[in-house]
Structure formats: structure tokens, C-alpha cells
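By convention in this document, chain letters (A, B, ...) are assigned in the order of the sequence lines, proteins followed by strands, and residues within each chain are numbered from 1. Keep in mind that what you see is a predicted model, and the values were worked out from it rather than measured.
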Amino acid sequence: MNWQSGFNALETTFAPTLERWYEHHKRDLPWRHTRDPYCIWLSEIILQQTRVAQGKPYYERFINAYPTVADMARAEERDLLRLWQGLGYYSRARNLHQTARYVTHELSGKFPDNFRDLLKMKGIGVYTAAAIASFAFGERVPVVDGNVYRVLARVFGIDEDITTTTAKKTFARLADQLIQAAGDPATFNQAIMEFGAIQCTPLSPDCLLCPLQQQCNAYLTGRQQRLPVKARKAAVRERFFNYLVFKSGDKIALRERTARDVWQNLYDFCLLETDEVQASWRELTLPEPLVALVAEGKLVGSPVQTVQLLSHQRIRAVFYTIELPLQSIVPLPVGLDWYTIEEAGQLPKPVLVTNYLEKWFG
DNA sequence: AAAACGGGGAC
DNA sequence: GTCCCAGTTTT
């Protein structure tokens with residue numbers, strides 16, 4: 001099928017067909033009741049690489065805490081991270097905060113109203129700029145997200161590897177061509193994504209009830225499972241985290257993660273990372289600042305082991321709880337500070353740490 | 001161009 | 001286990 005050469009019937013019927021499908025199948029979602037760019041922006045950042053079902057409660061939470069961009073600009077980054085806790089990709093929350101302050105203080109509280117200027121904001125890439133530009137301002141610019149890749153690859157039978165730059169250009173060009181035949185660009189963009197999420201799903205698309213069945217290249221050639229083509233990801237990195245959980249009275253020692261690493265600006269315990277699993281805490285080689293501290297404490301209970309799987313690394317963590325005398329004369333090493341359990345609850349933490357605290361200190 | 005960046009849900 | 005989710009930034 002040569003979809004690249006000029007206009008054909010499918011290219012003109014595609015958008016209207018999806019828009020019609022959308023009117024009957026669209027879900028009732030909170031961010032679909034507004035054209036306020038702040039609400040649209042917030043919803044789009046939350047939904048990056050995140051399922052609607054997972055993101056929706058976070059959207060409600062954020063809108064409730066920060067009804068306007070000025071409210072968000074007034075908040076501390078730490079509080080945004082705390083609200084974001086559990087959603088992952090925490091740079092989204094940090095960029096959210098940065099952009100809220102920029103819009104409030106440099107742009108008089110008004111979001112950029114077009115694709116090109118939206119693209120300049122931190123955390124807003126090509127997809128999100130197109131989403132906000134079309135949903136909030138009606139600009140005729142196509143969104144190309146995971147749903148769109150899947151729908152277009154199948155309907156138009158495109159077998160390019162969607163992780164490559166050339167393929168991204170191919171899909172963007174096609175989407176741009178298709179949105180020209182749409183009635184309302186915002187509705188078309190919503191429709192194609194909703195269609196991908198509900199009808200043209202990754203594993204078992206509902207081809208029997210599909211309005212594009214007889215036009216769909218993948219259906220007609222039996223390639224629904226083969227499209228889109230996507231290169232396999234590299235194997236995940238194995239990491240071994242040995243956490244020393246210092247405890248004294250009703251306080252525990254935490255530190256903020258500041259390195260260019262996973263969970264930046266979140267809080268965890270004193271961490272000794274090793275390049276293989278350690279049989280016991282005796283095998284850990286303690287850095288100088290910790291020697292005296294550990295010598296003064298005693299290990300309580302048995303080590304707690306857990307595994308946290310991220311998209312790009314598998315973290316095997318062991319927690320050693322070390323009880324220190326109430327009036328320890330040895331100061332905590334730089335970075336570590338004492339927090340009550342209540343204070344710790346208010347700090348943003350990786351799920352790994354939150355789970356541990358809930359189970360053993362909750 | 002490739003890697004880094006979370007966590008959860010569906011199969 | 002595998003795949004993928006309304007992607008962006010850094011290397």
C-alpha cells in the first residue's frame with residue numbers, strides 16, 4: 001500500500017471516522033471538561049508514560065492542592081514531589097514546579113498559546129506542546145504518542161521501527177496530513193488517542209467491532225500482533241543497595257538524594273551500594289565517617305530484603321536496622337539527618353523506602 | 001543515536 | 001517473565 005503518494009480515500013475518511021467513533025466511545029475524564037491551559041498542561045504532564053487510570057487520582061490531588069498556576073508557583077518543590085510520590089519519573093514534578101514559577105513570574109501567569117512557544121517550557125516536548133496547543137487553543141497540530149504510533153502503523157501498514165528517528169518523522173508527517181481532514185483538531189487528537197487506548201489496544205485489538213476494519217492494512221493482512229514494530233530494549237542494569245537504617249529513640253536517619261541518579265531530590269536512608277550481593281553486613285566495607293557510628297550501635301532484627309523493578313534497572317535492596325544509644329556522642333555523617341516518623345512521612349520518598357517504613361515503622 | 005528516567009497493570 | 005503506558009532530557 002503506497003500511502004505516501006498523495007491523497008487517497010482513506011486519508012480523507014480517517015479523521016471523520018475517528019471523530020464519529022469518539023463521540024460514542026469517549027470516556028468522561030476531568031481534564032476533558034476544561035480548556036484552561038493550566039489544567040490541560042497538568043493533566044498532560046501527569047499522563048506522560050502513565051496510564052489514565054493511574055494518573056487520574058494524582059490529577060484530582062494536584063488540582064485540589066493547586067487550583068491555579070500561581071498556587072503551584074507558591075509551593076515548595078518538596079511538596080510537589082511529595083504529592084507526586086509513587087507516580088515515577090520525578091523530573092516531571094521538578095519541571096512542573098519550574099514551569100509554574102516561570103509562567104507565573106515571567107509570563108504574568110499566562111501560558112504560551114501556541115505550539116512553538118509551548119515547546120520552550122521545561123518538561124514540554126513535541127507531544128505535550130501539540131496536546132496543549134490543540135486542546136487549549138485549537139491549533140491544528142497533531143499529537144503523536146504511543147497510541148498514535150500503534151493506530152497509524154496498523155491502519156496504514158507501516159513497519160518501520162518506531163524507535164528510530166526516520167520512523168518518527170514518517171509518523172509525524174502522516175499525522176499532520178491526516179489532521180488536515182479533521183473537523184476540530186482537538187477532537188481529532190483526543191479521538192485518535194482514545195481509539196488507541198480503547199479499541200486498537202496493544203495485545204488484543206477489538207477488530208470485529210472496528211469502524212476501520214475494512215480499511216485497516218494490519219487487519220486485512222493479519223498483522224495486528226506484528227505492528228507497530230518496536231526494537232527491544234536493552235537489558236536492565238542490576239544494582240545492589242545496602243541500606244543502613246539508623247534508629248535512635250523515635251527518630252530515623254534520612255538523607256536527600258542529590259546525585260545525578262534515580263530518585264533525584266527524594267529521600268532515602270544511608271546507602272552503601274555494592275557491585276554484588278553481600279552475604280551479611282559484616283562484609284560491607286564502611287566508609288570512614290560511618291565506622292565509629294556503626295561501632296556504637298547494634299544491629300536489631302534480621303535484614304529485610306526486597307526487590308524494586310524499574311524500567312531500566314533492578315534494585316536488590318537489603319535494609320539493616322541499627323539502633324543507636326539515645327544520646328549518641330557520634331554525630332551523623334554529612335547529609336544524614338534525624339527525622340521523626342511523622343516528619344519522614346511528609347518527605348518525598350521512593351516507593352521502595354515508603355514500603356519499608358510502612359511495614360516496619362508504620 | 002542511545003541511554004536515563006518509575007512504577008504499575010495486563011497477560 | 002514481557003510489554004507498554006497521552007514522553008522528555010541528557011549524554
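- Using a 4.0 Å cutoff on non-hydrogen atoms, the parts of residues 51-60 of chain A near DNA chain C are A:Arg51, A:Val52, ordered by number.
- Of the two residues contacting DNA chain C, namely A:Pro228 and A:Gly125, the nearest-nucleotide position lying further toward the 5' end is that of A:Pro228.
- To the nearest 0.5 Å, atom CZ of residue A:Arg154 and atom CD of residue A:Gln225 are 6.5 Å apart.
- Taking every nucleotide of DNA chain C with any atom under 4.0 Å from a non-hydrogen atom of chain A, the first and last of them, 5' to 3', are C:dC3 to C:dT11.
- For the pair A:Glu194 and A:Arg32, the salt-bridge criterion is met [side-chain N within less than 4.0 Å of a carboxylate O].
- Annotation: proximity of residues 308-318 of chain A to DNA chain B (heavy atom, distance under 4.0 Å) is found for A:Gln308, A:Leu310, A:Ser311, A:His312, A:Gln313, numbered in ascending order.
- Contact annotation for A:Val143: no contact, since no heavy-atom pair falls under 4.0 Å across all strands.
- Closest approach of A:Thr274 and A:Glu276 over heavy atoms only: OG1-O, 2.8 Å.
- No donor-acceptor pair under 3.5 Å is formed between the side chain of A:Thr187 and the backbone N or O of A:Gly183.
- Remark: A:Arg239 pairs with A:Asp261, A:Glu273 by the salt bridge (Lys or Arg N to Asp or Glu O under 4.0 Å) rule, at least two apart or across chains.
- Within the structure, ring pair (Phe, Tyr, Trp, His ring centres under 6.0 Å) pairs that include any residue of residues 174-197 of chain A comprise A:Trp21-A:Phe195 (at least two apart or interchain).
- Residue pairs satisfying the ring pair (Phe, Tyr, Trp, His ring centres under 6.0 Å) criterion with at least one member in residues 108-153 of chain A, sequence neighbours excluded, are listed as follows: A:Trp41-A:Phe111, A:Tyr149-A:Phe171.
- When heavy atoms are screened at a 4.0 angstrom cut-off, A:Thr165 is found touching the sugar-phosphate backbone but no base atom.
- For the segment residues 110-122 of chain A, no residue has any heavy atom less than 4.0 angstrom from an atom of DNA chain B.
- One side chain, A:Thr163 or A:Asp161, offers a donor N or O that lies under 3.5 Å from an acceptor on the other.
- In summary, of the residues considered (A:Tyr89, A:Phe62, A:Tyr59), a ring-ring contact (aromatic ring centres under 6.0 Å, His included) with A:Trp84 occurs for A:Phe62 alone.
- Applying a 4.0 Å cut-off to non-hydrogen atoms, the residues of residues 75-100 of chain A that approach DNA chain B are A:Gly86, A:Leu87, A:Gly88, A:Tyr89, A:Tyr90, A:Arg92, listed by residue number.
- Across residues 19-40 of chain A, A:Trp31, A:Arg32 each have a non-hydrogen atom less than 4.0 Å from an atom of DNA chain C (numbered order).
- Considering all non-hydrogen atoms of both residues, A:Pro112 and A:Met121 come closest at CG-CE, 3.9 Å.
- Heavy atoms of A:Thr128 sit under 4.0 angstrom from primed sugar atoms or phosphate atoms, though from no base atom.
- Listed by residue number, the members of residues 231-242 of chain A with any heavy atom below 4.0 angstrom from DNA chain C are A:Arg232, A:Lys233.
- Side-chain contact between A:Leu266 and A:Gln85: absent, with no pair of heavy atoms (C-beta onward) separated by less than 4.5 Å.
- Nucleic acid contact class of A:Val148 (heavy atoms, under 4.0 Å, all strands): none.
- In this structure, A:Arg260 and A:Tyr127 both approach DNA chain C, and ranking their closest nucleotides by distance from the 5' end singles out A:Tyr127.
- Residue-level contact check: A:Asn189 touches neither bases nor backbone, having no heavy atom under 4.0 Å from any strand.
- Scanning DNA chain B 5' to 3' for nucleotides with an atom closer than 4.0 angstrom to a non-hydrogen atom of chain A gives a first and last hit of B:dA1 to B:dC11.
- Partners of A:Arg61 under the side-chain contact (heavy atoms from CB on, under 4.5 Å) rule, at least two apart in sequence or in another chain, are A:Tyr58, A:Leu83.
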